[in-house]
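Take a look at the structure below.
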Amino acid sequence: MPLSHDESLLDACNISRRLENGPSWLLHAVSCRLWPGDRVAVTGPSGGGKTVLLRALVWLDPFNTGHLLWKGAPLLGRDTPSFRRQVIYLHQQPVLLDGTVEHNLRQPYSLQMHSDTQYDRQRTITRLEQMGRQADFLDLPTRTLSGGESQIVAVLRAVQLEPVVLLLDEPTAALDEHGTRAVEQTVLGWQAENPAQRAFVWVSHDAQQARRVAIRFWHIDQGHLKERSSEP
Amino acid sequence: MNTSYIELSYVQVACAALLVLVNGAISAALGLGMQKHWLLAVVRTVVQLTLVGFVLEWVFREERWYVVLVMMIVMTLIAAQTAGSRSERRYPGIYRNTILSVWISAWVTAAYGLLVILQSEGSWHQPQYAIPLLGMILGNTLNGISLGLNTFTDSLVRQQDEVEVLLALGATRWEAAHGPTQHAVRTGLIPVMNSMMVVGIVSLPGMMTGQLLSGTAPLQAVKYQIVIMFLIASATALGTVGIVLLTYRQLFNKDHQFLHERLK
């Protein structure tokens with residue numbers, strides 16, 4: 001993999017996590033490193049810790065042990081919002097607010113962290129067309145969307161914020177072949193805009209998809225993370 | 001003291017108890033199976049109020065500041081306990097938080113009422129003012145607090161995904177909790193707002209009714225009632241905001257994480 005410099009983007013150092021008084025570890029001393037430009041696929045059995053891993057990489061839950069490094073420096077609590085502005089996690093079930101598609105796309109810009117950027121309608125329409133939708137898609141109420149369409153909106157909402165890292169939790173689970181390819185193209189397109197810098201971690205059940213989108217492969221089972229040279 | 005009211009005898013109270021026989025009869029006729037409960041309710045009403053009557057007689061006779069203070073503390077703790085126990089979802093520290101918010105909101109407002117508004121002669125600890133005033137404030141604050149608390153924890157549980165999506169998009173913990181916070185405070189304050197809207201038209205408040213029965217001039221009774229309504233409104237607002245903010249601090253940490261596992 002081409003390394004323009006030896007600084008890593010995101011380091012997980014010895015992270016363990018379990019539920020309060022829970023019997024088993026959800027993550028067991030997991031360490032991993034994400035380089036600039038990385039494209040990682042995560043596979044593993046259901047309940048093996050794929051979602052927990054992604055949540056840990058944006059520090060959505062407290063750790064029992066371990067910590068994160070962002071660009072080589074330990075992540076501090078007060079910097080979490082600005083960190084999560086650059087590292088965006090997408091839930092497995094797309095969660096949309098009530099209102100239209102466009103309302104959902106505009107919503108993040110009302111947050112303090114994104115107040116220096118603005119919603120770009122034209123850009124959004126261009127991206128939508130690449131995903132096979134028209135501009136009138138923006139006016140649809142989110143309640144009427146199918147699972148796959150919701151997925152598209154959630155991906156779009158994250159990509160438009162131009163993060164450095166995307167953590168995608170089965171983003172095409174609810175999509176048909178066509179929609180799946182559209183989401184893949186959108187994410188790969190976002191990465192290709194700055195291929196030396198932008199990175200993603202993509203959880204997938206589908207080994208073929210993993211091979212299509214990724215150059216590195218992680219496997220997680222019972223809270224243990226292993227790197228594989230290729231996806232079998 | 002004004003004695004222009006009819007002194008009630010126990011016989012007269014017993015006559016009133018006959019009325020509850022109607023409730024029992026309805027229950028029996030319709031097979032609601034509530035007769036036992038009605039009996040229990042009647043007995044509890046009589047016993048509890050009589051006990052309170054004896055306690056109050058004693059407190060009013062003693063007129064010692066420490067007796068009044070102990071009474072006020074007990075009332076406050078019971079109110080706080082009730083407010084906390086009505087919540088369907090709990091988290092560690094819930095009782096500390098309800099006690100803090102009930103205590104501070106009710107006592108600050110009661111102090112303002114007693115010392116600044118009534119300037120009750122000599123001292124704050126005249127039981128005639130301190131106890132009913134605090135009692136009314138507590139009774140209403142308690143509702144606001146338990147409504148606010150319940151609404152807040154409930155919407156956090158139901159909207160856990162929304163809250164987390166906001167956090168994942170770079171929201172601060174305050175931004176992420178904003179919707180549920182607003183919703184909870186608003187819900188907690190609706191009953192007070194409603195009762196202020198219709199007071200005197202739809203309902204005659206209990207305190208005013210009591211004052212009228214005991215011979216107070218209507219305009220005086222009205223003035224008292226207005227003061228009380230304002231005290232209640234402000235105490236409820238303070239208490240509701242208090243419990244919601246304390247709960248928020250308990251469930252969102254400085255690392256901008258939503259500690260949903262604490263909600264049970």
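Chain naming here is simple, since letters A, B, ... match the order of the sequence lines and numbering starts at 1 in each. Not measured: the values here are computed from a predicted model.
- Of the atoms belonging to A:Pro108, it is side-chain heavy atoms, and not backbone ones, that fall under 4.5 Å from chain B.
- At a 4.5 Å heavy-atom cutoff, the contact between A:Leu161 and chain B is made by side-chain atoms alone.
- Both the backbone and the side chain of B:Glu162 come within less than 4.5 Å of a heavy atom of chain A.
- Under a cut-off of 6.0 angstrom, the local environment of OH in B:Tyr248 is crowded, with over 12 non-hydrogen atoms contributed by other residues, nucleotides or ligands.
- When the candidates A:Thr80, A:Leu90, A:Val95 are compared by the number of heavy-atom contacts under 4.5 Å with chain B, A:Val95 comes out ahead.
- The residue among A:Pro94, A:Ala158, A:Pro163, A:Gly77 with the most heavy atom pairs within less than 4.5 Å of chain B is A:Gly77.
- Heavy-atom neighbours of B:Glu88 CD from other residues, nucleotides or ligands within 6.0 Å: at or below the threshold of 12.
- The local environment of CD in A:Gln122 is sparse, with at most 12 non-hydrogen atoms from other residues, nucleotides or ligands closer than 6.0 Å.
- Using a cutoff of 4.0 Å between basic side-chain nitrogens and carboxylate oxygens, B:Glu261 and A:Arg17 are scored as salt-bridged.
- Counting heavy atoms of neighbouring residues, nucleotides and ligands inside a 6.0 Å radius, atom CE of B:Met193 does not exceed 12 of them.
- Within a 6.0 Å sphere centred on CH2 of A:Trp70, heavy atoms belonging to other residues, nucleotides or ligands number more than 12.
- The part of A:Leu97 that comes within reach of chain B is its side chain, from C-beta onward, which places non-hydrogen atoms under 4.5 angstrom from that chain.
- For B:His260, the part sitting under 4.5 Å from any heavy atom of chain A is the side chain, from C-beta outward, and nothing else.
- To the nearest 0.5 Å, the span separating CZ on A:Arg84 from CG on B:Leu166 amounts to 11.0 Å.
- Atom NE2 of A:His67 sits in a crowded spot, with more than 12 heavy atoms from other residues, nucleotides or ligands closer than 6.0 Å.
- Within the 4.5 Å cutoff, side-chain heavy atoms of A:Arg157 are placed close to those of B:Val165.
- Contact count versus chain B (heavy atoms, under 4.5 Å) is highest, among A:Gln86, A:Arg85, A:Gln112, A:Met113, for A:Gln112.
- Only the backbone of A:Ser110 comes within contact range of chain B, with at least one heavy atom under 4.5 Å from a heavy atom of that chain.
- Atom NZ of B:Lys254 sits about 13.5 Å away from atom CG of A:Leu76, to the nearest 0.5 Å.
- Within the 4.5 angstrom heavy-atom criterion, no atom of A:Val58 approaches chain B.
- For chain B, the nearby part of A:Gln107 is the side chain; its heavy atoms alone come within less than 4.5 Å.
- Proximity of a side-chain donor or acceptor of A:His114 to a complementary backbone N or O of B:Gly170 within less than 3.5 Å is not detected.
- Heavy-atom neighbours of A:His205 NE2 from other residues, nucleotides or ligands within 6.0 Å: above the threshold of 12.
- The line from NE2 of A:His91 to CG of B:Asp161 is 5.5 Å long, rounded to the nearest 0.5 Å.
- Separation of atoms CG (B:Asp255) and CZ (A:Phe63) is listed at 9.5 Å; rounding is to 0.5 Å.
- Counting heavy-atom pairs closer than 4.5 Å to chain B, the top residue among A:Asp79, A:Asp61, A:Ile88, A:Leu19 is A:Asp61.
- Within 6.0 Å of CD in A:Glu162 there are more than 12 heavy atoms belonging to other residues, nucleotides or ligands.
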